Amino acid sequence: AQQLADEQAQQQLDEDEVIANSYIAIIVQTITSQWSRPPSARNGMEVSIAMQLTPNGQVVDASIIKPSGDNAFDRSAIRAIKQIDQFPEIKNMPSRVFEAEFRNLKLVFRPEDLLL
């Protein structure tokens with residue numbers, strides 16, 4: 001019985017990971033569409049950002065965890081997130097996935113991720 005419970009728990013974790021990855025792809029695509037690459041951005045740079053979201057997808061806050069060393073690049077990533085204000089798709093996410101992965105979401109931005 002314990003082995004069956006463990007297998008079911010692992011299956012749920014695997015399904016949740018697939019769900020989370022699909023929402024992350026939507027979030028990244030949305031942010032990328034709003035992101036204006038500053039002239040100072042160079043390949044190899046990256047800025048880590050923490051986003052706080054509500055269950056309906058509202059962006060509560062976005063802050064830099066690890067700066068790139070280029071203030072214009074870092075500000076451009078924060079600005080792109082704050083321009084969005086809300087990811088409406090989030091409200092359709094199972095609450096267990098939201099609480100585990102999305103209430104405090106960490107993203108890494110790189111210039112090579114941008115569409116030029």
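Quick note: numbers below take in every heavy atom, side chains included, and nothing from hydrogens, waters or symmetry partners. It should be emphasised that the depicted structure is a prediction, and the values quoted were computed from it without experimental measurement.
- For the atom pair OG of Ser36 and CZ of Arg75, the computed distance is 13.0 Å after rounding to the nearest 0.5 Å.
- Environment of CD in Gln10: crowded, with over 12 heavy atoms of neighbouring residues, nucleotides or ligands closer than 6.0 Å.
- Within the 4.5 Å cutoff, the side chain of Phe109 has heavy atoms near those of the Ile81 side chain.
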Between Phe102 and Ile24, does the side chain to side chain contact (heavy atoms under 4.5 Å, CB included) criterion hold? Intermediate values first, please.
CA-CA 9 Å; Phe102 290 85; Ile24 288 172; 3.6 Å; yes

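- Taking CD of Gln12 as the start and CD of Glu17 as the end, the distance is 12.5 Å to the nearest 0.5 Å.
- Ring orientation note: the planes of Trp35 and Phe73 are tilted relative to one another, at an angle of 30° to 60°.
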Please tabulate, for side-chain N and O atoms in residues 84-94, each donor-acceptor pair with protein atoms closer than 3.5 Å (sequence neighbours left out).
unit_1, atom_1, unit_2, atom_2, d
Asp85, OD1, Gln58, NE2, 2.9
Asp85, OD2, Gln58, NE2, 3.4
Gln86, NE2, Asn56, O, 2.9

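- Using a 4.5 Å cut-off between side-chain heavy atoms of Ile, Leu, Val, Met, Phe, Trp and Tyr, with links allowed through other members, Ile27 and Ile65 fall into different hydrophobic clusters.
- Here the CD-CG distance, from Glu99 to Asn104, works out to 9.0 Å after rounding to the nearest 0.5 Å.
- Every residue meeting the side-chain hydrogen bond (donor to acceptor under 3.5 Å, both in side chains) condition with Arg96, not counting sequence neighbours, appears here in chain and number order: Asp16.
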Just list the side-chain donor-acceptor pairs under 3.5 Å for residues 45-52, sequence neighbours left out, or say none.
unit_1, atom_1, unit_2, atom_2, d
Glu46, OE1, Arg110, NE, 3.1

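- Gln3 CD: 12 or fewer foreign heavy atoms inside a 6.0 Å radius.
- Between Ile64 atom CD1 and Lys66 atom NZ the span is 13.0 Å, to the nearest 0.5 Å.
- The two atoms that bring Ala20 and Glu101 nearest to each other are CB-CG, 4.2 Å, heavy atoms only.
- Listed here is the closest heavy atom pair of Leu53 and Gly57: CD2-O, 4.1 Å.
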